[in-house]
S.K.: 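Okay, here's the structure, questions in a sec.
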Amino acid sequence: MARRFTDRAEAGRLLAEKLQHYAGKPDVLVLALPRGGVPVAFEIARAIGVPLDVFLVRKLGTPGQRELAMGAIASGGIKVVNEDVVNLLRIPDEVIDRVAAEEQEEMARRERAYRHERPPLDLKDRIVILVDDGLATGSTMHAAVASARKAQAARIVVAVPVAPPSTLNEFKHEADEVVCVLAPEELFEGVG
């Protein structure tokens with residue numbers, strides 16, 4: 001029977017146990033993907049004693065099924081497209097571009113709301129732990145990883161409490177480390 005978390009805070013505490021090797025390191029930064037990733041990341045940052053911030057990404061929802069991601073966008077002009085979803089649903093490029101433009105506007109609005117007068121994050125040469133409350137298609141996390149790579153992060157860690165093994169395996173070649181509470185460890189030989 002699969003283990004369930006009582007809440008996102010518990011999931012964060014369990015993830016923090018797996019991230020103790022980053023405790024107190026001055027170059028580590030925990031970045032939460034809002035909204036669900038914030039309570040998870042808060043617990044991680046508190047437990048390992050490193051700074052916490054938000055990292056904005058926006059899902060590109062399919063027409064008629066906004067929760068099904070056909071891709072995602074992130075800072076730095078990053079756009080990732082889930083070709084499987086796009087091809088299966090025969091979504092034309094102009095629809096993807098329109099949804100991306102709408103989500104870019106919303107991301108800019110949220111960036112102003114979250115950051116206020118604070119400057120954009122400098123990820124160069126930092127160890128970045130990207131946290132969300134779970135992965136389905138992984139589109140938003142793919143965009144976050146690509147954005148962190150473009151920003152020249154020294155090491156990128158994907159940390160989630162739960163995700164399907166197939167989605168986690170996609171990050172094997174993108175992230176430097178993948179940490180998941182409810183994932184068979186043998187899937188990640190050679191990662192980390």
Side-chain angles (χ1 to χ4, degrees), residues 8 11-12 29-42 52-124 128-153 156-176 178 180 183:
R8 288 179 174 95
L29 179 61
V30 173
L31 297 177
L33 278 61
R35 294 177 306 200
V38 173
V40 179
F42 174 80
L52 167 68
D53 209 323
V54 296
F55 196 71
L56 293 176
V57 294
R58 293 292 297 169
K59 179 190 311 180
L60 302 178
T62 59
Q65 285 185 283
R66 301 290 293 172
E67 286 303 309
L68 176 60
M70 62 179 165
I73 59 170
S75 306
I78 300 297
K79 178 170 80 173
V80 297
V81 175
N82 184 325
E83 296 294 339
D84 292 337
V85 171
V86 168
N87 292 335
L88 179 68
L89 298 178
R90 297 185 179 123
I91 301 170
D93 289 343
E94 55 271 9
V95 170
I96 297 168
D97 293 342
R98 179 182 48 78
V99 172
E102 291 168 3
E103 293 300 339
Q104 183 63 48
E105 284 182 30
E106 179 59 17
M107 192 168 72
R109 185 194 70 75
R110 288 185 183 199
E111 185 80 28
R112 289 187 302 275
Y114 288 141
R115 301 215 74 70
H116 300 287
E117 299 299 317
R118 293 182 300 141
L121 295 171
D122 182 10
L123 305 183
K124 188 174 178 17
V128 175
I129 302 174
L130 296 169
V131 181
D132 205 349
D133 62 347
L135 301 176
T137 64
S139 290
T140 54
M141 188 62 78
H142 285 295
V145 170
S147 184
R149 277 276 175 245
K150 185 175 181 181
Q152 301 177 349
I156 299 170
V157 180
V158 170
V160 294
V162 63
S166 59
T167 302
L168 289 170
N169 269 333
E170 292 174 17
F171 290 97
K172 212 179 200 181
H173 305 290
E174 290 179 45
D176 299 299
V178 179
C180 185

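Computed from a prediction, not measured in an experiment: that's the story for all the values here. For the numbers below, each heavy atom of this structure counts, side chains included, while hydrogens, waters and symmetry mates do not.
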S.K.: How far apart are the closest heavy atoms of Phe55 and Leu31, and which atoms are they?
M.R.: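 Taking Phe55 first and Leu31 second, the nearest heavy atoms are CD1-CD1, 3.6 Å.
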S.K.: If you measure from CD on Glu103 to CG on Leu56, what distance do you get to the nearest 0.5 Å?
M.R.: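 Answer rounded to 0.5 Å: 12.0 Å.
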S.K.: Can Leu88 and Val85 be said to form a side chain to side chain contact (heavy atoms under 4.5 Å, CB included), step by step?
M.R.: CA-CA 5 Å; Leu88 179 68; Val85 171; 5.8 Å; no
S.K.: To the nearest 0.5 Å, how far apart are CG in Leu33 and CG in Asp133?
M.R.: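 The CG atom of Leu33 sits 9.0 Å away from the CG atom of Asp133.
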S.K.: Between Lys79 (side chain) and Ala100 (backbone), is there a donor-acceptor pair under 3.5 Å?
M.R.: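 Here the side-chain-to-backbone pair does not exist.
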S.K.: To the nearest 0.5 Å, what is the distance between OG (Ser139) and CG (Asn82)?
M.R.: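 Answer for the OG-CG pair, Ser139 versus Asn82, is 5.0 Å.
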S.K.: What closest approach, in Å, do Val158 and Ala175 show between heavy atoms, and which atom pair accounts for it?
M.R.: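 That would be CG2-CB, 3.7 Å.
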S.K.: Drop me the distance from Leu68's CG to Leu60's CG, to the nearest 0.5 angstrom.
M.R.: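 Output value for this atom pair is 11.5 Å.
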S.K.: If you take all heavy atoms of Ala163 and Cys180, which pair is closest and at what distance?
M.R.: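 Shortest heavy-atom separation between Ala163 and Cys180 comes out as N-SG, 3.9 Å.
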S.K.: Using only atom types and a distance under 3.5 Å, with no angle test, would you say the side chain of His173 pairs donor to acceptor with the backbone of Glu170?
M.R.: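 Here the side-chain-to-backbone pair does not exist.
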S.K.: Within a reach of under 6.0 Å around CZ of Arg118, are more than 12 heavy atoms found that belong to other residues, nucleotides or ligands?
M.R.: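 Check passes, neighbour count above 12.
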S.K.: Using modelled atom types only, decide if a donor and an acceptor are shared between the side chain of Thr167 and the backbone of Ala136 within a distance under 3.5 Å.
M.R.: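 At least one qualifying donor-acceptor pair exists.
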S.K.: Is there side-chain contact between Lys59 and Glu67, with heavy atoms separated by less than 4.5 Å?
M.R.: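 In short, these two side chains touch, coming nearer than 4.5 Å.
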S.K.: What distance separates Arg58 CZ from Glu111 CD, expressed to the nearest 0.5 Å?
M.R.: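 Output value for this atom pair is 12.5 Å.
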S.K.: Is the side chain of Ser147 donor-acceptor paired with the backbone N or O of Ser75 at a distance under 3.5 Å, no angle test?
M.R.: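 The answer is yes, because a donor-acceptor pair under 3.5 Å joins these two groups.
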S.K.: To the nearest 0.5 Å, what is the distance between CE (Met141) and CD1 (Ile156)?
M.R.: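 With rounding to 0.5 Å, CE (Met141) is 10.5 Å from CD1 (Ile156).
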S.K.: Determine whether more than 12 heavy atoms belonging to other residues, nucleotides or ligands lie under 6.0 Å from atom CD of Glu105.
M.R.: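 Atom CD in Glu105 is not crowded, with 12 or fewer foreign heavy atoms closer than 6.0 Å.
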S.K.: Which pairs pass ring-ring contact (aromatic ring centres under 6.0 Å, His included) with one or both residues in residues 81-101, sequence neighbours excluded?
M.R.: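 Those involving residues 81-101 do not exist here.
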S.K.: If you apply the rule salt bridge (Lys or Arg N to Asp or Glu O under 4.0 Å), what do you find for Arg98 with Glu102, and how did you get there?
M.R.: CA-CA 6 Å; Arg98 179 182 48 78; Glu102 291 168 3; 3.4 Å; yes
S.K.: Which heavy atom of Gly36 sits nearest a heavy atom of Pro39, and at what distance?
M.R.: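 Heavy atoms of Gly36 and Pro39 come nearest at O-CD, 3.4 Å.
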S.K.: Among Val99, Val81, Leu89, Thr137, exactly one meets side chain to side chain contact (heavy atoms under 4.5 Å, CB included) together with Met70. Which residue is that?
M.R.: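 Of all the options given, the one that passes is Val99.
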S.K.: Is a side-chain N or O of Arg149 found less than 3.5 angstrom from the main chain of Glu174, in a donor-acceptor match?
M.R.: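 Between the backbone of Glu174 and the side chain of Arg149 there is a qualifying donor-acceptor contact (under 3.5 Å).
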S.K.: Give the minimum heavy-atom separation between Ile78 and Ala146, together with the two atoms involved.
M.R.: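 For Ile78 versus Ala146, the nearest heavy atoms are CG2-CB, 3.7 Å.
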S.K.: Please check if the side chain of Arg115 supplies one atom and the backbone of Pro119 the other of a donor-acceptor pair under 3.5 Å.
M.R.: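 Yes; at least one donor-acceptor contact below 3.5 Å.
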S.K.: What's the shortest heavy-atom distance between Val40 and Ala11, and which atoms?
M.R.: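 Result for this residue pair: CG1-C, 4.5 Å.
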S.K.: Scan for ring-ring contact (aromatic ring centres under 6.0 Å, His included) pairs involving residues 128-152, sequence neighbours excluded, and state none if there are none.
M.R.: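 Applying ring-ring contact (aromatic ring centres under 6.0 Å, His included) to every pair that reaches into residues 128-152, excluding sequence neighbours, yields His142-Phe171.
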S.K.: Heavy-atom count check: over 12 atoms from other residues, nucleotides or ligands less than 6.0 Å from Glu83 CD?
M.R.: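 Correct, the count exceeds 12.
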